[in-house]
Amino acid sequence: MYGLNATAETKLSKINKSDTESFRTAMHSVVPLKPDGRHRDTATKAALATPNRQANETHAADYSESEALFRTRVVDAIDRELPLLREGYPRKYLRQLGSRECPVTDSFDLHGMKEHAAAKALARFLRESLQHNLSCVRVVHGKGLRSEGPAVLKLMSWQLLWQHPEVLALKHCRPADGGTGAVLVMLKTVRKSAS
């Protein structure tokens, strides 16, 4: 893969795992702060209150977990190659994701992009997918084998996608479709087409 031999891939895998373990160790005792009413971010509250797509693109997602716990959950899903499913939705969605019941209708490739540009492009792709009522899309972020340290585009993609309130489920692709270098995304439009 990408011209690396098995030894180089093993070393990169160990580096990524040690970064993940270091992060988990550092965040183990973190407890989210309870709001004390001293600080009111009216701009963020206004963005969350308005149902426009632009608020979603600026990461003002309605997510109740603290950033550290959220990041740990996403890193864990990536590291252990686990799918993510929104609470309260049936597990059958994970089986349907990418199958005949919910086939991939569009794909977007982030290869060669810098993180900031990739985040903007991915947010635009999500917005357009939702406007066209697509229910399952694929995002190719790469495996980060050429990156020093963790796979930047991979982590950014999963975080941005999971923070988006219109995303129901995420899971790695099958090896033939990109494996851990790509993610399948189920959007809430799947509920509209199922009913």
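None of the values given here were measured: they were computed from a predicted structure. Throughout, numbering of the chain's residues begins at 1 and tracks the sequence.
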Derivation of the side chain to side chain contact (heavy atoms under 4.5 Å, CB included) call for Met156 and Leu110: CA-CA 11 Å; Met156 177 281 297; Leu110 300 174; 4.3 Å; yes

Chi angles and distances behind the side chain to side chain contact (heavy atoms under 4.5 Å, CB included) call for Val183, His172: CA-CA 5 Å; Val183 58; His172 288 97; 5.8 Å; no

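For the pair Tyr93 and Leu85, the tightest heavy-atom approach, listed with the atom from each and the gap, is CB-CD1, 4.1 Å. Between Phe108 and Ala121, the closest heavy-atom pair is CZ-CB, 3.7 Å. Between Gly98 and Leu184, the shortest heavy-atom contact is CA-CD1, 4.0 Å. Considering every non-hydrogen atom in both Ala118 and Met113, the closest pair reads CA-SD, 3.6 Å. Residues Leu170 and Leu94 come closest through the heavy atom pair O-CD2, 4.4 Å. The shortest heavy-atom contact between Ser157 and Leu122 is CA-CD2, 3.9 Å.
Interatomic distance, Leu160 CG to Leu126 CG, rounded to the nearest 0.5 Å: 6.5 Å. Separation of atoms CZ (Arg124) and NZ (Lys120) is listed at 8.5 Å; rounding is to 0.5 Å. Between atom CD of residue Glu101 and atom OG of residue Ser135 there is a gap of 11.5 Å, rounded to the nearest 0.5 Å.
Between the Lys171 side chain and the Met186 main chain, no donor and acceptor come within less than 3.5 Å of each other. A distance-only check finds a donor-acceptor pair linking the side chain of His164 to the backbone of Glu166 [under 3.5 Å]. Of the possible polar contacts, one joining the Lys188 side chain to the Pro165 backbone as a donor-acceptor pair under 3.5 Å is found. No donor-acceptor pair closer than 3.5 Å links the side chain of Arg138 to the backbone N or O of Gly178.
In this view, Arg174 and Asp177 satisfy the side chain to side chain donor-acceptor pair (under 3.5 Å) rule, not counting sequence neighbours.
Tested against Cys136, the residues Val185, Leu97, Leu168 include a single side-chain contact (heavy atoms from CB on, under 4.5 Å) partner, Leu97.
Identified under the salt bridge (Lys or Arg N to Asp or Glu O under 4.0 Å) test for residues 90-99, with sequence neighbours left out: none. For the salt bridge (Lys or Arg N to Asp or Glu O under 4.0 Å) condition, no pair includes a residue of residues 104-115, sequence neighbours left out.
The hydrophobic cluster containing Val140 does not contain Trp158, counting ILVMFWY residues as joined when their side-chain heavy atoms lie under 4.5 angstrom apart, directly or transitively.
In this structure, the side chains of Ser129 and Leu187 come closer than 4.5 Å at one or more pairs of heavy atoms.
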